[in-house]
J.: 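Quick one: the structure is below, and I'll ask about it shortly.
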Amino acid sequence: MSLILELPNTSQGNEDTNDRARSKFLSRFSGFNLSKDAFLYYEVLFRQLMASEQARTGFRYENEILCIEDFCGKMSPSNRVDKIKAYLAKHPNRSDFGFSQLTFEKKSTVRKIEIDVKRAMKDLEFFEATARKSMEESESKLIDLTDPLKDLRDKVLKNLKKDLAKETKSSGFLTLSKDGVLSINITRFEFLRHYAQLYSGLLEAHFALASEDFEEKESEESEQKNHRVAYGIQTFIAEKLNFEFGNRLGMKLGAHHIRPKLDMRLKNSLELLPSKIKIIDADFVNHLFLRHGAGK
């Protein structure tokens with residue numbers, strides 16, 4: 001299972017800067033009544049879901065203890081909140097939980113692949129140059145190495161691509177050009193699909209409640225409301241990933257990057273998982289919205 005690593009806080013003694021960054025991030029979603037407390041409670045549940053056997057994502061956060069059963073099942077909202085608070089109180093990174101900068105353990109794997117590809121291409125180019133030089137020195141006109149060398153290059157690239165697929169287990173995440181140039185496409189990283197679907201399943205009811213509240217103030221058609229909920233969740237996920245991973249993603253994500261990871265017509269198993277295993281229910285969402293919403 002691949003780890004999501006928490007980076008050490010490099011701005012110790014500068015709590016004002018940290019608080020401003022947190023406030024700026026959460027203020028984007030105050031219209032959805034998502035306070036710091038509500039966000040932290042959802043984040044605890046999300047990290048448990050990410051590492052759960054039911055989700056089978058292949059990822060977990062390095063400092064999390066998997067105890068998902070403690071939060072699942074029929075229980076009062078206050079009881080579930082108390083269990084989450086008790087978990088947070090024991091967390092090794094409790095002071096920065098949910099607001100730490102993160103990185104992927106896979107970065108070391110990617111770096112190794114980059115080195116292996118460069119070494120293989122360097123060896124191939126050396127062999128090609130040596131073969132051509134030998135033929136030039138022999139002044140032989142009977143042997144043309146063009147096709148054999150092309151076949152050899154194609155075979156080397158094919159084997160390298162197989163190794164990429166095997167190492168990353170994520171189609172299209174790493175691609176290799178015919179010139180042996182390795183490119184990273186973060187939008188094809190399987191982690192993003194798991195992340196988007198699990199968080200969407202967790203937050204949909206909360207964001208829907210906010211939209212109902214919004215509808216009381218302004219007339220809004222059902223389709224507009226659904227679009228507002230979906231766009232709000234997609235924006236939240238993109239902004240959260242940008243906040244957590246920064247330039248380590250290699251690009252800035254937007255709602256349009258998250259949208260393809262979610263099926264707007266039919267919920268998939270990961271989006272349904274939070275409700276299915278009862279890690280959240282309507283009473284809990286209402287409780288967070290009313291008792292722990294923005295401004296509470």
Side-chain angles (χ1 to χ4, degrees), residues 1-6 29 39 42-62 64 66 68 98 100-110 113 161-162 164-176 182-208 226-227 229-277 279-280:
M1 183 171 276
S2 298
L3 287 177
I4 301 162
L5 309 176
E6 294 186 350
F29 307 99
F39 166 74
Y42 281 124
E43 179 69 8
V44 168
L45 301 182
F46 168 74
R47 293 186 182 196
Q48 291 291 313
L49 284 164
M50 182 66 84
S52 67
E53 291 183 4
Q54 296 94 325
R56 298 194 297 275
T57 67
F59 292 90
R60 74 173 180 85
Y61 289 72
E62 66 170 332
E64 305 309 313
L66 185 57
I68 193 169
S100 296
Q101 294 295 291
L102 307 176
T103 191
F104 298 105
E105 183 185 42
K106 274 188 177 289
K107 287 196 77 172
S108 60
T109 302
V110 172
I113 291 172
K161 287 177 181 179
K162 283 182 180 179
L164 290 185
K166 184 178 178 181
E167 286 283 349
T168 63
K169 298 181 176 63
S170 193
S171 177
F173 171 46
L174 293 179
T175 56
L176 195 63
L182 192 67
S183 301
I184 299 175
N185 183 352
I186 193 66
T187 63
R188 300 294 294 273
F189 192 15
E190 195 69 356
F191 169 77
L192 289 186
R193 183 175 66 84
H194 301 318
Y195 195 105
Q197 292 174 2
L198 286 173
Y199 239 123
S200 179
L202 265 179
L203 291 181
E204 184 177 31
H206 189 109
F207 276 49
N226 291 338
H227 175 76
V229 171
Y231 183 75
I233 292 173
Q234 293 157 16
T235 302
F236 170 85
I237 293 169
E239 290 290 336
K240 186 171 182 293
L241 284 163
N242 290 330
F243 176 84
E244 291 174 330
F245 292 96
N247 59 14
R248 288 173 296 283
L249 289 176
M251 64 181 295
K252 187 172 182 178
L253 297 173
H256 62 288
H257 294 116
I258 304 302
R259 193 171 302 119
K261 310 299 178 186
L262 306 171
D263 192 334
M264 298 296 103
R265 299 160 299 173
L266 180 67
K267 295 290 185 295
N268 60 49
S269 58
L270 283 186
E271 288 176 87
L272 294 172
L273 184 61
S275 296
K276 181 181 178 181
I277 64 175
I279 201 169
I280 58 167

J.: Can you tell me how far apart OG (Ser269) and CZ (Arg56) are? Round to the nearest 0.5 Å.
T.: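 So the OG of Ser269 and the CZ of Arg56 are separated by 7.5 Å.
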J.: Out of curiosity, Phe207 CZ to Thr235 OG1, how far, rounded to the nearest 0.5 Å?
T.: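 Here the interatomic distance stands at 8.5 Å.
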J.: When rounded to the nearest 0.5 angstrom, what is the spacing between CD in Gln48 and CD in Glu43?
T.: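 The distance works out to 11.0 Å.
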J.: Taking all heavy atoms of Lys261 and all of Ala196, pick out the closest pair and write down the distance.
T.: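 So the two residues come closest at CB-CB, 3.9 Å.
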J.: Would you compute the distance between atom CD of Gln101 and atom CZ of Phe245 and round it to the nearest 0.5 angstrom?
T.: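 Reported to 0.5 Å precision, the distance equals 9.5 Å.
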J.: Please enumerate all residues that pass side chain to side chain contact (heavy atoms under 4.5 Å, CB included) together with Ala238, with sequence neighbours excluded.
T.: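 Checked Ala238 against side chain to side chain contact (heavy atoms under 4.5 Å, CB included); matches are Leu253, Ile258.
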J.: What residues, two or more places apart in sequence or in another chain, satisfy side chain to side chain donor-acceptor pair (under 3.5 Å) together with Glu6?
T.: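 Side chain to side chain donor-acceptor pair (under 3.5 Å) check on Glu6 returns Arg47, Asn63, Asn93.
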J.: Please assess Lys276 against Gln54 for the test side chain to side chain contact (heavy atoms under 4.5 Å, CB included), listing each intermediate value before the final yes or no.
T.: CA-CA 10 Å; Lys276 181 181 178 181; Gln54 296 94 325; over 6 Å; no
J.: Run Ser52 and Leu273 through side chain to side chain contact (heavy atoms under 4.5 Å, CB included) and show every step you take.
T.: CA-CA 10 Å; Ser52 67; Leu273 184 61; 4.2 Å; yes
J.: Under the rule for side chain to side chain donor-acceptor pair (under 3.5 Å), what residues qualify as partners of Tyr61, not counting sequence neighbours?
T.: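 Tyr61: no side chain to side chain donor-acceptor pair (under 3.5 Å) contacts found.
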J.: Go through it in stages, so that I can follow the logic: the residues are Leu3 and Arg60, the test is side chain to side chain contact (heavy atoms under 4.5 Å, CB included), and I'd like the CA-CA distance, side-chain angles, deciding distance and then a yes or no.
T.: CA-CA 5 Å; Leu3 287 177; Arg60 74 173 180 85; 3.4 Å; yes
J.: If you look at every heavy atom in Ala255 and Tyr231, which pair is closest and at what distance?
T.: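 Answer, listing the atom of Ala255 first, then Tyr231: CB-CE1, 3.7 Å.
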J.: Can you name the residues that form a side chain to side chain donor-acceptor pair (under 3.5 Å) with Glu244, not counting sequence neighbours?
T.: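 Residues passing side chain to side chain donor-acceptor pair (under 3.5 Å) with Glu244: Tyr195, Lys240.
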J.: Of the options Tyr42, Phe46, Phe39, which is the one that meets Tyr199 in a ring pair (Phe, Tyr, Trp, His ring centres under 6.0 Å)?
T.: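 Looking at Tyr42, Phe46, Phe39, the match for Tyr199 under the ring pair (Phe, Tyr, Trp, His ring centres under 6.0 Å) is Phe46.
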J.: Where do Ile279 and Leu45 come nearest, in terms of heavy atoms and distance?
T.: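 Result for this residue pair: O-CD1, 3.6 Å.
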J.: Are the side chains of Ile277 and Leu49 in contact, using a 4.5 Å heavy-atom criterion?
T.: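 Answer yes - side chains close enough.
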J.: How far apart are the closest heavy atoms of Ser200 and Leu262, and which atoms are they?
T.: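 That closest heavy-atom pairing would be CB-CD2, 3.8 Å.
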J.: How long is the gap from CZ on Arg193 to CG on Leu198, to the nearest 0.5 Å?
T.: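 CG of Leu198 is found 9.5 Å from CZ of Arg193.
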J.: Restricting to non-hydrogen atoms, name the atom on Glu204 and the atom on Val229 that form the minimum distance, rounded to 0.1 Å.
T.: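 Reported closest heavy-atom pair: O-CG1, 4.1 Å.
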J.: Only one of Asn242, Thr187, Thr103 clears side-chain contact (heavy atoms from CB on, under 4.5 Å) with Leu249; which?
T.: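 One option only clears the test, and that one is Asn242.
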J.: With sequence neighbours left out, what residues match His194 under side chain to side chain contact (heavy atoms under 4.5 Å, CB included)?
T.: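 Listed in chain order: Met50, Thr57, Phe59, Glu190, Leu270.
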